[in-house]
Every structure is written in structure tokens, then in C-alpha cells.
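Worksheet: the structure to be examined is printed underneath.
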Number of protein chains: 2
Amino acid sequence: MARTTTIRKRDAAATRAAILAAARERFLRESYDSVGLRDIAGGAGVDVALVGRYFGGKEGLFREVVMDDKRPNLFREPVDAADLPAFLAQLVIEDEADDREHRMESFVIMLRSASSPKAGEIIRDLVHQDVLGPLSELIGSDDADLRANMLLAILMGSGVLRTIMKVDAFDGSEAQRIVCGERFRCLFEAALSC
Amino acid sequence: MARTTTIRKRDAAATRAAILAAARERFLRESYDSVGLRDIAGGAGVDVALVGRYFGGKEGLFREVVMDDKRPNLFREPVDAADLPAFLAQLVIEDEADDREHRMESFVIMLRSASSPKAGEIIRDLVHQDVLGPLSELIGSDDADLRANMLLAILMGSGVLRTIMKVDAFDGSEAQRIVCGERFRCLFEAALSC
DNA sequence: GAAATAAATCAACAACTGTTGACTTGATGG
DNA sequence: CCATCAAGTCAACAGTTGTTGATTTATTTC
């Protein structure tokens, strides 16, 4: 049900990728602690033991899921400072069902497992280095750190609300989404200039 | 270590409260799934079985922790719409170490366990009814729902960043805190008027 | 002071967790 | 065609989880 059970010929790289994909799928919807290794392995159509073989353990698997930069990342394509508010607003209203690009995916995974003792450490480092760092550098002003925090707070907050708390005010009609995007763009601008 | 082991005389109400307090302490720092019932019971200085006796189970205990309105709540004291930005900004920069009033506590608990399957349902309902509802009503405009979402996104995002992601830009020197508070007040105003 | 009742503990349950070693299966190269 | 080695499965592990029934302990009531 979760995985298309195409008969994989014995291919280490392929099954590794399958496990990674199944894991990502689970971690996207539940927290680190509530996801079981057997569930992941089942989703990938392999035995649990392979998780240990390929990733060393649950922690290693999670680390690889969250660090997988072949997946769409928040700052994959460079964006210049002037476009930042519009860029972030776009992320906020991005349609979840639209599977061309889930740029918020890695973000949601981080938010979901941030409170788990083991996963938390991994995530905190990642946020500091891969998100807060680049963002602050992009802003460039003398109080860039604070500004970056404010931007990220808005982005994370809306992500929590929409994806985890299931608040629906964001995704109504298309017209509503446009309005919402405009409002958030304005809000991001305020965070940079107020 | 966690609980002052005063010899409690057999008092149902007191031990119930002790369990509740120990549980709150744990849920404030970890997620629903990673906190064990035995850890909670140990913190309260009682046997695990009592948790089942008094609260029916883990889920019931969590529900009671998160619904306990004798504890400081976000909107305990009424606040009029004009003061809302300043009020929310105050919450953002509120010192965590200051134990007179932890008004963000219930919030952090919600954020920490929102991604756990069982705890998630409870929390989602609570956010809608007890937070988003009053907030939207307080704002009163025709697009109040969207505005409330924006405010809550900022509040939650900064909560996540500060408490869970351990980002330290918020709590530096006293001067920094003042500046930070001012910025956030301005941001909340923008969310209401942009 | 003995009986009744509530409070708390003990012990064990069944289910599940992540992990590990031994085993089987399949493909590959000579 | 057989030996080699990687890929995958199986089974069991030791630990933990939440939960429950029986049992003991303290308090109250007559």
C-alpha cells in the first residue's frame, strides 16, 4: 500500500534508497519516537535488519533522511535579499498536494521530531548551520541574526499551524491563497524593516 | 531529585496533584512518546499503577495536564484588542528562568507533543477552541481568522525557536531583550494591519 | 479496638522497541 | 559449473512500554 512492490533485483543502492524514501514518508507524518523501524522496513518491502545494515541504526537513518540534500531544500536555489519576503511567502502558501516540489518537507520533518531527545540534537545543529546561518548571511545587516530569527519564526510557525495543527485558514479557495500570500509577504517585509 | 520527597500522608488529592505536576514537568521538556509513565510516577514518588488509577491511562493524564486551567494560561487575564501586540511581544521575550509566571508553558507542551498520533488530536482541538477561537474573536475584523493565524504563527514560531530549537538570539543582555520585544511588538502590529 | 474502606504497592502481563548474529538466497566471475 | 561474496531473511535477544488484577498498608468509622 505504501510502496509499489516492484520486484527489486538485488540492488543495494536501490533498497537503500527505498528504505530512505519510506523513512522520509513516515517521519513526515509522525515524530521520531512514534515511528517504528519495522513500519519503515515494511514500507520499503524489506526486512528490519537491513536498516541496521545500511544505516547503522535508527538514529543514523534519521540523520540521513534529514540531511539528504538531493531532496528539495529550502535554499537550494540562491535567492537575493530583495526577493526574500516574496520567496518566503511563496513557501508559506505552497500547496501541499502539489507534488512537484515540497520545499517545506525537510522543515516539517524537523518540526515533527524536534522534541525527541535523540533526534533533537541532530535537528538543532542543522537549523543553526543550514538554515539560520545562510539566512542571516543573506540579510547582511548588523542585526541580521535577530532578523533571521524573526523570519524563521514566522516560517516555522505557519508550518506548524498548517501541517501539524491542521489549521485550514491557509488553504481555502485560490483567491484566499493569493490574499494570504500577499499578507505574508507584507509580514516578512515588516520583519526585515520594522 | 525531581520531587521533594516530603512524606505524603495518604491523600488522594495530593498524590493526584503530585503526579500531574511531575507529568507537566516531563511533558514540558520531551514529547508525549518519549516520556515514560514510570519516569513520571518516579518523579511524583509513587508507583506507576496509580497513574492508571487516577487518570485512566497515559492519554488521560496528558489530557488533564494540557487542559489544566488552574495553571497560568495564555489568555487568563482578558486583554483588549489595542494592547494585543504589546501583550504578545511580552510573551515572546518572557524570561524562561523567571518562575513567577510561565504563561508560555502550556504552549510549549502543545508544541512538543503535537506530532504524536495520540496527543496530536487532543492538542489540535485545544488550539482551535481555546486559542485560535478567542484570538479571532478578540481581533473582530472580517478577516479575523487569517489575522489570528498570523499572530499565532509568529508566537508559535518564536516559541519553537527559543524553547525547542534552543536559538539564543532572544535572550542575550537585558538591552537586547528590550530591542527584541520592541521588534516583535512591531511585527505583531504589522500582522494586524498590513 | 475491630471492621470497613480507601490508598498505595507489587507483580506480572502482552506487546512492542531497536539491535545483532547466524543463516539462506541470489548473482557474479573464474 | 562451481566457488565466492554480497544481499537479504530469520529468529531471537534484552529492554521497555502501558496496563491490570491481586495484595498489602494505612486511615477512618462504628
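Atom set for the values below is all heavy atoms of this structure, side chains included, hydrogens, waters and symmetry mates excluded. Naming convention: chains lettered A, B, ... in sequence-line order (proteins, then strands); numbering from 1 in each chain. Here the structure is a predicted model, which means the values were calculated and not measured.
Put simply, the side chain of A:L28 does not reach to within 4.5 Å of the side chain of A:R112, judged on heavy atoms. Contact check for A:M150 versus B:L187: side-chain heavy atoms found under the 4.5 Å cut-off.
More than 12 non-hydrogen atoms from other residues, nucleotides or ligands lie less than 6.0 angstrom from CD of A:E59.
A salt bridge links B:R185 with B:E182: the distance from a Lys NZ or Arg NE/NH1/NH2 to an Asp or Glu carboxylate oxygen falls below 4.0 Å. The existence of a salt bridge linking B:D143 and A:R183 is confirmed by a sub-4.0 Å separation between a basic side-chain nitrogen and an acidic carboxylate oxygen.
Here C:dA15 presents its P atom at 19 Å from CG of A:D39, a figure rounded to the nearest Å. Summarising the geometry, the separation between CD1 on A:I40 and P on C:dT17 is reported as 11 Å, rounded to the nearest angstrom. D:dT27 atom P lies 11 Å from atom CG of B:D11, rounded to whole Å. If you measure from atom CG of A:L37 to atom P of D:dG8, you get 16 Å, rounded to the nearest angstrom. Distance CG (A:D47) to P (D:dA11): 10 Å, rounded to an integer number of Å. The distance between atom CD1 of B:I19 and atom P of D:dG18, rounded to the nearest whole Å, is 14 Å.
Contacts of B:F55 with the nucleic acid, taken as non-hydrogen atoms under 4.0 Å apart, are absent. If you check every strand for non-hydrogen atoms under 4.0 Å, A:V51 touches nothing. In this structure, A:G57 reaches the sugar-phosphate backbone alone: every heavy-atom distance under 4.0 Å involves primed, P, OP1 or OP2 atoms, never a base. As judged by a 4.0 angstrom heavy-atom cut-off over every strand, A:A49 is placed among the base-contacting residues.
Contact check, B:Y54 against C:dA8: a side-chain N or O comes under 4.0 Å of OP1 or OP2. OP1 or OP2 of C:dA8 lies within a sub-4.0 Å distance of a side-chain N or O belonging to B:T15.
In this structure, of C:dT19, D:dT19, D:dG8, it is D:dG8 that holds the atom nearest to the side chain of A:L50. With C:dG18, D:dA22, C:dA22 as the choices, the nucleotide that has an atom nearest any side-chain atom of A:R53 turns out to be C:dA22. With D:dT20, D:dC10, D:dG18 as the choices, the nucleotide that has an atom nearest any side-chain atom of B:K58 turns out to be D:dG18. In this structure, the nucleotide among D:dA7, C:dA7, C:dT9 sitting nearest to the side chain of B:R10 is C:dA7.
Applying the 3.5 Å distance criterion, the base of D:dT16 shares no donor-acceptor pair with the side chain of B:R38.
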